[in-house]
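The structure appears right after this line, and notes come after that.
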Amino acid sequence: MEWQPDEQGLQQVLQLLKDSQSPDTATQRAVQEKLEQLNQFPDFNNYLIFVLTSLKSEDEPTRSLSGLILKNNVKAHYQNFPPNVADFIKRECLNNIGDPSPLIRATIGILITTIASKGELQTWPELLPQLCNLLNSEDYNTCEGSFGALQKICEDSSELLDSDALNRPLNIMIPKFLQFFKHCSPKIRSHAIACVNQFIIGRAQALMDNIDTFIESLFALAGDEDSEVRKNVCRALVMLLEVRIDRLIPHMHSIIQYMLQRTQDPDENVALEACEFWLTLAEQPICKEALSGHLVQLIPILVNGMKYSEIDIILLKGDVEEDETIPDSEQDIKPRFHKSRTVTLQHEGGEGEEGEDIDEDEDDDDDTLSDWNLRKCSAAALDVLANVFREELLPHLLPLLKGLLFHPDWVIKESGILVLGAIAEGCMQGMVPYLPELIPHLIQCLCDKKALVRSIACWTLSRYAHWVVSQPPDAHLKPLMTELLKRILDGNKRVQEAACSAFATLEEEACTELVPYLSFILDTLVFAFGKYQHKNLLILYDAIGTLADSVGHHLNQPEYIQKLMPPLIAKWNELKDEDKDLFPLLECLSSVATALQSGFLPYCEPVYQRCVTLVQKTLAQAMMYSQQPDQYEAPDKDFMIVALDLLSGLAEGLGGHVDTLVARSNIMTLLFQCMQDTMPEVRQSSFALLGDLTKACFPHVKPCIAEFMPILGTNLNPEFISVCNNATWAIGEICMQMGVEMQPYIAMVLSQLVEIINRPNTPKTLLENTVVITVLYTLFLIHICPLSAITIGRLGYVCPQEVAPMLPQFIRPWCTSLRNIRDNEEKDSAFRGICIMIGVNPGGVVQDFIFFCDAVASWVNPKDDLRDMFYKILHGFKEQVGEENWQQFSEQFPPLLKERLAACYGV
């Protein structure tokens with residue numbers, strides 16, 4: 001017997017559905033309670049599917065709502081549905097997929113894919129064959145409903161559909177979908193392309209077998225009158241560019257012509273999909289060759305796409321000039337994520353003491369419109385193309401730019417300033433001759449009457465900050481700084497934000513060039529404290545922290561401390577321990593403490609105490625959560641990470657002065673727990689703090705070494721690059737303090753360090769050829785290898801007998817990873833270690849002596865006694881092999897190396 005509803009039960013369910021559409025909160029609460037009660041009855045879900053599929057007398061929103069409640073129940077409790085209920089729901093879905101109402105069809109489709117994603121694709125074998133059969137129905141509604149459901153299943157389960165688990169249904173489905181590219185209904189054509197599109201990026205075999213048919217079918221739809229179809233065609237071509245460019249190359253000229261048209265499509269969604277094509281093409285090796293002849297058409301189209309649309313201006317309140325007194329709504333404030341402290345070494349020719357991070361390309365300015373739109377996509381495309389074509393782009397751009405930058409319509413002028421910012425990185429060399437004229441014009445635009453022009457001018461100027469700083473300060477730096485500081489106090493919040501961010505970039509570039517203006521800068525930043533609403537206050541902390549990083553100890557003047565510290569400490573006292581605004585404030589204070597050094601002493605005690613409390617609270621909360629997860633919430637460990645990083649800043653800034661604070665606290669016990677935390681970022685910050693405390697007050701660290709060293713050893717795992725990086729550094733600092741007493745711990749760490757330093761020589765697998773892996777790999781080469789080399793050298797310095805026997809296993813990568821590191825104390829101690837080890841085991845270096853020579857030559861100015869050590873080893877080797885052999889050996893040297901060694905060491 002087919003299930004039938006009981007009339008009274010049905011009325012109850014209908015009443016519940018009506019109530020749930022009420023805006024009243026009390027009614028909503030009652031509805032939630034009632035739902036929980038009804039979910040105790042197994043056949044409640046039968047009523048819900050009945051209302052959705054069979055109760056045609058009800059209005060569509062009520063029926064659809066019934067289906068959505070059922071979908072939530074499926075998500076939460078499907079495994080508890082009795083088999084007869086589950087079967088009834090599945091049958092009803094398939095029987096009603098062709099409901100006359102588009103809303104009901106879509107709801108049934110959502111329900112089907114939710115059941116399927118609950119592992120039911122395997123246990124509902126008739127689902128896919130039946131939906132595919134229904135595509136042949138003469139009835140449009142049935143065909144469209146089935147396609148809608150299939151599209152959702154393809155989106156949710158694309159990997160499963162291409163696996164053996166289901167017997168590879170795509171072998172039937174893909175050819176079937178391709179037939180529908182020619183269907184008379186645009187909605188069906190659109191579904192068909194969208195279904196196939198789900199399998200491009202995963203390179204499903206069934207699609208690869210039909211790739212030529214697919215591409216021909218797409219070309220046939222190029223001129224489709226339906227915008228949804230055009231959008232899906234563009235999306236397909238963009239993905240094919242990444243996955244099967246070999247198949248597109250023969251048609252590339254026509255595809256580019258088509259995409260040039262579509263990037264100007266009257267429907268912005270189509271234009272946006274098409275614009276992605278240029279972004280993707282720019283990453284392909286063939287980009288330059290394929291696009292060279294089309295730049296003359298493409299550049300004006302991209303530039304035109306960079307104007308604000310009318311809807312953008314409305315959303316951005318472009319007509320509101322002054323809004324600084326209006327409080328921010330909390331949803332405007334993006335969550336802030338703290339980036340844990342990473343210790344880095346300075347490389348030749350590049351800065352980088354503290355955490356050189358990979359900048360996400362902040363390729364645009366208006367992040368309140370955080371949705372990706374045509375303006376942003378066009379700007380991003382121009383940016384990447386500028387990096388591909390460099391100066392070759394300028395002949396197509398410069399004639400346009402003049403007309404844009406001086407245009408009377410502010411919207412067009414604004415887009416011109418954005419263009420100038422977008423090309424800054426790629427076309428910098430070619431732009432240099434025009435900058436002496438352009439920069440003053442942009443500085444003038446900072447005073448424009450339109451807030452959106454002022455804010456974009458801030459961003460674009462920040463992109464040219466490097467050039468500005470390279471000129472005499474009076475030429476551009478002073479006028480730019482003066483105007484930017486005025487904009488920091490602008491009456492418009494967007495301009496304040498853009499100016500603060502631009503000023504932070506200028507600080508990074510100018511560094512100590514700003515010292516003469518510190519008083520003026522601090523007056524402005526401190527004044528902004530009293531003026532800013534919530535969101536911009538967080539950006540202001542960043543500008544202050546960056547200033548401290550940039551000018552360093554020059555900030556340690558009583559006059560500056562008096563200006564800066566009272567407002568910061570007032571904020572510090574105002575914020576509660578659980579307020580996330582502490583993150584940016586703690587980051588800021590960490591930079592300030594490091595810069596002020598002893599100047600921070602009057603403020604350090606309460607700051608230190610609070611950090612220790614934050615760590616302690618978080619650890620306690622984590623402990624309670626792990627013991628009773630149903631009773632307690634998981635803590636936000638960012639509080640602990642930021643606190644550890646500020647303690648590092650205090651230890652680095654105050655040096656020996658931190659001794660009394662450490663003595664009076666339980667920080668070493670807390671550190672022991674943090675170093676074993678499950679979260680890598682917590683361990684990363686713990687090891688940075690351990691290293692800083694080792695340098696600042698080793699007597700407090702020493703009693704814990706026996707417990708700490710095994711933990712450091714287990715964290716020498718390059719899978720967690722930053723954790724491994726900081727652990728390696730901490731071991732190096734500890735061994736310099738421990739001296740000979742390091743001997744019992746060498747075995748815990750040496751073999752891992754040798755393995756790490758040899759790791760870049762192992763061939764990378766094909767899988768690793770992705771952007772993320774490449775970036776991580778670069779970090780590995782730049783940061784971890786030199787740090788491991790330094791730590792190995794330091795271990796050899798204090799315990800040469802234990803480390804020297806392993807020389808042949810690490811000397812070559814050791815030398816290559818330190819040749820680009822600047823002369824500094826860490827490099828000095830490491831090279832002393834290697835020289836002592838060569839004395840203990842000279843045979844260990846013979847095979848790779850040329851690499852040692854190269855590493856020695858990388859020193860610009862070694863201390864006299866270290867130079868003597870180098871001299872003795874080089875001459876000792878020369879005497880050992882004899883003049884003739886040395887001549888043959890030194891023939892292999894590159895000319896520059898030969899010259900350096902002859903000039904500095906007489907060999």
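The side-chain heavy atoms of Tyr464 and Met428, taken from C-beta on, include a pair separated by under 4.5 Å. With contacts defined as side-chain heavy-atom distances shorter than 4.5 Å, the pair Glu283/Val384 does not qualify. At a threshold of 4.5 Å between non-hydrogen side-chain atoms, the residues Pro440 and Gln444 do not count as touching. Under the 4.5 Å side-chain criterion, counting only non-hydrogen atoms from C-beta, Ile286 is in contact with Met252. Counting only heavy atoms from C-beta outward, the side chains of Val233 and Val270 never approach each other to under 4.5 Å. Considering only heavy atoms from C-beta on, Leu461 stays 4.5 Å or farther from Thr505 through its side chain. Contact annotation: the side chain of Leu279 approaches that of Cys377 to within less than 4.5 Å [non-hydrogen atoms, C-beta and beyond]. The side-chain heavy atoms of Leu382 and Ile299, taken from C-beta on, include a pair separated by under 4.5 Å.
Taking OG of Ser378 as the reference point, atom CG of Asn304 lies at 8.5 Å (rounded to 0.5 Å). The CD1 atom of Ile412 lies 15.0 Å from the CZ atom of Phe406; values are rounded to the nearest 0.5 Å. How far NE2 of His476 is from CG of Leu435: 8.0 Å, rounded to the nearest 0.5 Å. The line from CD1 of Ile456 to CG of Leu420 is 10.5 Å long, rounded to the nearest 0.5 Å. In this structure, CG on Leu564 lies 13.0 Å from CD on Gln557, to the nearest 0.5 angstrom. Rounded to the nearest 0.5 angstrom, Lys288 NZ and Arg390 CZ are separated by 9.0 Å.
Under a 3.5 Å cut-off, the side chain of Asn573 and the backbone N or O of Ile569 do form a donor-acceptor pair. Asp581 places no side-chain N or O within 3.5 Å of a backbone atom of Leu575 that could act as its donor or acceptor partner. With hydrogens and angles ignored, the 3.5 Å screen pairs a side-chain donor or acceptor of Asn556 with a backbone N or O of Leu596. The backbone N or O of His253 lies less than 3.5 Å from no partner atom in the side chain of Gln257, so there is not a single donor-acceptor pair. Remark: side-chain polar atoms of Asn492 are not paired, donor with acceptor, to backbone N or O of Ala451 under 3.5 angstrom. The backbone N or O of Ala457 sits nowhere less than 3.5 Å from a side-chain atom of Thr460 that would complete a donor-acceptor pair. Listed for the Lys307 side chain is no donor-acceptor partner under 3.5 Å among the backbone atoms of Gly416.
Taking a 6.0 Å sphere around CD of Glu559, one finds it holds more than 12 heavy atoms contributed by other residues, nucleotides or ligands. No more than 12 heavy atoms of other residues, nucleotides or ligands shown are found within 6.0 angstrom of NZ on Lys402. Heavy atoms of other residues, nucleotides or ligands lying less than 6.0 angstrom from CD of Glu289 number 12 at most. Heavy atoms from other residues, nucleotides or ligands lying under 6.0 Å from NZ of Lys531 number more than 12. Within a 6.0 Å radius of NE2 in His294, other residues, nucleotides and ligands contribute more than 12 heavy atoms.
Summarising the geometry of Leu400 relative to Pro300, their closest heavy-atom pair is CD1-CA, 4.0 Å, with the distance given to 0.1 Å. Between Leu393 and Ala386 the shortest heavy-atom distance is CD2-CA, 3.5 Å. Ala379 approaches Ala422 most closely through the heavy-atom pair O-CB, 3.8 Å. When all heavy atoms are compared, the tightest approach of Cys447 to Glu483 is SG-OE1, 3.3 Å. The shortest non-hydrogen separation linking Pro786 to Ile821 is CB-CD1, 3.8 Å. What you find for Glu507 and Ala543 is that their closest heavy atoms are OE1-O, 2.8 Å.
Gln496 and Asn536 form a side-chain donor-acceptor contact under 3.5 Å, judged by distance and modelled atom types alone. Side-chain contact annotation: Trp459 with Ser501, donor-acceptor N/O pair under 3.5 Å absent. There is a side-chain donor-acceptor pair under 3.5 Å between His466 and Glu509. A donor-acceptor contact closer than 3.5 angstrom is absent between the side chains of Asp645 and Ser590.
Look at Lys413 and Asp448 and you find a salt bridge, because one of the NZ, NE, NH1 or NH2 atoms lies within 4.0 Å of a carboxylate O, short of that distance. Salt-bridge check for Arg235 with Glu273: passed, with a basic side-chain N closer than 4.0 Å to an acidic carboxylate O. Salt-bridge annotation for Glu497 and Arg494: absent, with no side-chain N of the basic residue lying under 4.0 Å from a carboxylate O of the acidic one.
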- Task: Assess whether salt bridge (Lys or Arg N to Asp or Glu O under 4.0 Å) is satisfied between Lys317 and Asp323, documenting all intermediate values.
- Result: CA-CA 10 Å; Lys317 305 190 174 72; Asp323 59 358; over 6 Å; no
- Task: Step by step, work out the side chain to side chain contact (heavy atoms under 4.5 Å, CB included) result for Met565 and Leu568.
- Result: CA-CA 5 Å; Met565 288 310 295; Leu568 281 176; 4.3 Å; yes
- Item | Candidate pair Ser309 and Asp312, rule side chain to side chain donor-acceptor pair (under 3.5 Å), full reasoning | CA-CA 5 Å; Ser309 67; Asp312 290 342; 3.2 Å; yes
- Message: Applying side chain to side chain contact (heavy atoms under 4.5 Å, CB included) to Arg454 and Leu446, what does each step give before you reach the verdict?
- Response: CA-CA 5 Å; Arg454 299 198 297 278; Leu446 289 173; 5.6 Å; no
- Message: Please determine whether side chain to side chain contact (heavy atoms under 4.5 Å, CB included) holds for the pair Phe389 and Ile423, giving the CA-CA distance in whole Å, both sets of side-chain angles, and the decisive distance to 0.1 Å.
- Response: CA-CA 10 Å; Phe389 286 94; Ile423 60 167; over 6 Å; no
- Which is it for Asp267 and Arg230 under the salt bridge (Lys or Arg N to Asp or Glu O under 4.0 Å) test, yes or no, and what are the steps along the way? CA-CA 10 Å; Asp267 183 315; Arg230 294 198 303 274; 5.6 Å; no
- Could you give me the CA-CA distance, side-chain angles and deciding distance for Ile641 and Phe583, then say whether side chain to side chain contact (heavy atoms under 4.5 Å, CB included) is met? CA-CA 9 Å; Ile641 296 166; Phe583 298 170; over 6 Å; no
- Message: Asp383 vs Arg463, test: salt bridge (Lys or Arg N to Asp or Glu O under 4.0 Å). Steps then yes/no.
- Response: CA-CA 12 Å; Asp383 183 350; Arg463 303 268 287 177; 3.4 Å; yes
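Checked against the 6.0 Å centroid threshold, His554 and Tyr560 do not count as a close aromatic pair.
Considering Leu522, Val592, Leu506 as possible partners of Leu547, the one that fulfils the side chain to side chain contact (heavy atoms under 4.5 Å, CB included) test is Leu522.
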